There are 2 protein chains.
Amino acid sequence: MARPRTFDEALVLEGAMELFRERGLHGISIPELSERLGICKQSLYNAFGDKRRLYLSALRRWGEQQVEEKLALLDQAPSPLEGVRRLVGEWAGLAAICPSPGCLTVTAIVDNADDPDALAIVEGQVEGLERGLRAALVKAQALGELRAEASPERLARILISTCYGFGVLARLPGSGPVIEDSVATLLALLDDAAA
Amino acid sequence: MARPRTFDEALVLEGAMELFRERGLHGISIPELSERLGICKQSLYNAFGDKRRLYLSALRRWGEQQVEEKLALLDQAPSPLEGVRRLVGEWAGLAAICPSPGCLTVTAIVDNADDPDALAIVEGQVEGLERGLRAALVKAQALGELRAEASPERLARILISTCYGFGVLARLPGSGPVIEDSVATLLALLDDAAA
DNA sequence: CATGTTCTAGAACGTCAAGCCTAGAATACT
DNA sequence: AGTATTCTAGGCTTGACGTTCTAGAACATG
């Protein structure tokens with residue numbers, strides 16, 4: 001019937017995701033995407049539609065990947081609170097890697113302030129993380145790992161906000177060590193809230 | 001000698017700042033800036049140079065304004081710790097106003113990841129806030145408002161990161177109440193660290 | 001082998017941006 | 001009054017981008 005795709009669509013999407021992470025929606029053009037991904041423009045259009053849809057696909061993929069990865073950390077941890085510690089440490093620690101390719105969620109919010117589709121995807125991701133964190137904190141509280149007066153809901157939210165803050169500051173050159181130290185501080189605050 | 005400027009340069013810069021806050025560097029064009037500011041393109045070029053320099057000027061002004069305003073809160077407060085509380089409450093609370101025009105610092109970092117000049121301005125602003133917060137926390141500690149084991153340096157940094165996180169999440173529609181609640185949580189955490 | 005779809009490479013199109021330039025009106029100084 | 005500078009209004013140039021189109025090569029299926 002037809003010549004099959006000679007490229008792995010998922011792999012290309014992954015590549016596009018990386019480029020969007022580093023440069024943002026407007027920071028990379030279709031011609032450059034085509035060149036860097038090793039695929040001609042036409043194939044990009046055939047496979048993903050237009051630029052906006054390619055971006056949304058990449059954003060969706062990023063979201064799924066991030067949420068999945070982080071919820072897995074929660075599941076695999078020996079205890080709920082330890083899971084939270086690992087999630088926060090991993091997430092925020094990633095921001096400290098220098099030079100960081102950046103958090104696509106952060107750039108997506110800034111680059112697509114007026115695109116409801118993009119914002120909806122981001123919202124879903126944020127909610128997914130918040131739900132996971134909250135559930136783990138509730139469990140931790142039930143197990144006595146967390147003080148009874150602490151609010152899992154509020155704690156989850158503040159942890160998330162802080163991590164996104166790291167995601168912003170991580171884009172400043174040389175911020176790696178500072179952020180790494182801040183991650184330790186955040187974890188210490190979490191311990192304070194627990195004890 | 002010459003016809004004087006018929007517009008107030010500072011006022012126009014303020015207007016440009018607002019537009020850049022809402023839409024980002026690439027989100028608003030020179031023709032639209034000209035129209036919205038009520039000044040013809042040529043006058044913009046005469047007064048501010050090219051678009052990049054106009055943006056940098058707006059960013060500088062934003063930084064000065066923000067730092068100044070926030071350090072003033074520290075000075076006017078009845079006690080150092082209360083100053084910190086007010087600064088954080090004011091800053092993060094601003095993000096909760098809906099719809100928020102957004103924090104120019106956050107968008108500047110994302111929009112200008114490869115412009116050292118822009119990043120340097122932002123860095124200066126972040127450092128200014130950090131220095132002020134740290135100094136206030138040191139004073140608070142000397143007065144016994146803050147536990148002796150607490151680290152003013154680390155506390156200052158984590159507060160800043162969290163507030164920038166609010167600045168990101170504030171761009172999601174409907175996030176106002178959630179952020180407002182998170183501000184309260186953050187202040188409660190500060191109290192925990194103090195007591 | 002024939003067919004039809006997808007591939008590649010690259011040209012072409014329309015749009016819009018940034019920046020520059022012109023021309024004429026306005027206004028402070030000498 | 002004359003002069004020089006800034007103003008406004010708008011057109012022009014150049015270039016980039018997103019998108020579509022053309023033309024021909026590759027290849028799985030009938």
Side-chain angles (χ1 to χ4, degrees), chain A residues 1-59 104 107-108 110-118, chain B residues 1-59 107-108 110-115 117-118:
Chain A
M1 265 183 180
R3 176 178 176 180
R5 291 256 155 86
T6 55
F7 59 89
D8 182 339
E9 210 168 305
L11 220 66
V12 169
L13 186 56
E14 199 88 11
M17 198 183 76
E18 289 302 314
L19 289 170
F20 282 133
R21 275 181 76 185
E22 289 173 34
R23 318 257 294 263
L25 169 57
H26 305 295
I28 187 147
S29 68
I30 290 281
E32 193 174 354
L33 274 167
S34 162
E35 190 199 332
R36 300 282 293 270
L37 297 173
I39 288 177
C40 71
K41 285 178 294 175
Q42 192 55 46
S43 302
L44 278 180
Y45 278 97
N46 288 340
F48 302 103
D50 54 16
K51 191 189 188 188
R52 178 169 168 270
R53 271 185 286 177
L54 170 58
Y55 184 84
L56 291 182
S57 297
L59 183 55
L104 188 55
T107 63
V110 173
D111 283 344
N112 298 278
D114 50 355
D115 182 344
D117 295 333
Chain B
M1 262 181 174
R3 177 178 175 180
R5 292 255 154 88
T6 56
F7 58 90
D8 182 339
E9 211 169 306
L11 219 66
V12 169
L13 186 56
E14 199 89 9
M17 199 184 77
E18 289 301 314
L19 290 169
F20 282 133
R21 276 181 75 186
E22 289 174 34
R23 319 257 294 263
L25 170 57
H26 305 296
I28 187 149
S29 68
I30 291 282
E32 194 175 353
L33 274 167
S34 161
E35 190 199 331
R36 301 282 294 268
L37 298 174
I39 288 176
C40 72
K41 287 179 294 177
Q42 194 54 47
S43 301
L44 278 180
Y45 280 99
N46 287 341
F48 303 103
D50 55 14
K51 191 188 188 188
R52 178 168 166 271
R53 271 185 288 177
L54 170 58
Y55 184 85
L56 291 182
S57 296
L59 183 54
T107 64
V110 173
D111 283 344
N112 299 278
D114 51 353
D115 182 343
D117 294 333

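Chain naming here is simple, since letters A, B, ... match the order of the sequence lines and numbering starts at 1 in each. This is a predicted model, so every value here is computed, not measured. Basis for what follows: all heavy atoms, side chains included, without hydrogens, waters or symmetry-related copies.
Side-chain atoms of Q42(A) stay outside donor-acceptor range of the base of dC7(C), with no qualifying N/O pair under 3.5 Å. Within 3.5 Å, no donor on the side chain of K51(B) pairs with an acceptor on the base of dG19(C), nor the reverse.
Among all heavy-atom pairs drawn from L37(B) and A16(B), the shortest one is CD2-N, 3.6 Å. The minimum heavy-atom distance between A118(B) and N112(B), with the atom names listed, is CB-CB, 3.6 Å. Nearest heavy-atom pair, L25(A) versus K51(A), reported as atom, atom and distance to 0.1 Å: O-NZ, 3.0 Å. In terms of heavy-atom proximity, H26(B) sits nearest to D111(B) at NE2-O, 3.9 Å.
Each of K41(B) and R52(A) was matched to the nucleotide of DNA chain D holding its nearest heavy atom; the match closer to the 5' end belongs to K41(B).
Atom CD in E35(B) sits roughly 11 Å away from atom P in dA9(D) (whole-Å rounding). dT6(C) atom P lies 18 Å from atom OH of Y45(A), rounded to whole Å. The CD atom of E9(B) sits 12 Å away from the P atom of dT6(D) (whole-angstrom rounding). If you measure from atom CG of L33(A) to atom P of dT19(D), you get 11 Å, rounded to the nearest angstrom. In this structure, Y55(B) atom OH and dA18(C) atom C1' are separated by 17 Å, rounded to whole Å. Taking atom CG of L44(A) as the reference point, atom P of dT20(D) lies 13 Å away to the nearest angstrom. N46(B) has its CG atom 12 Å from the C1' atom of dG19(C), to the nearest Å. Rounding to whole angstrom units, CD1 of residue I39(A) and P of dT6(C) are separated by 15 Å.
Among the heavy atoms of the strands lying under 4.0 Å from S29(A) are primed sugar atoms or P, OP1, OP2 only; no base atom is included.
Applying the 4.0 Å criterion to OP1 and OP2 of dT8(D), one finds that S43(B) has a side-chain N or O inside that range.
If you take CG on D115(B) and OH on Y55(B), they are separated by 9.0 Å, rounding to the nearest 0.5 Å.
Between dG19(C), dC7(C), dT20(D), one nucleotide has an atom nearer to the side chain of F7(A) than all others, and that is dC7(C). Taking every side-chain heavy atom of I30(B) into account, dA18(C) is the closest of dG11(D), dA9(C), dA18(C).
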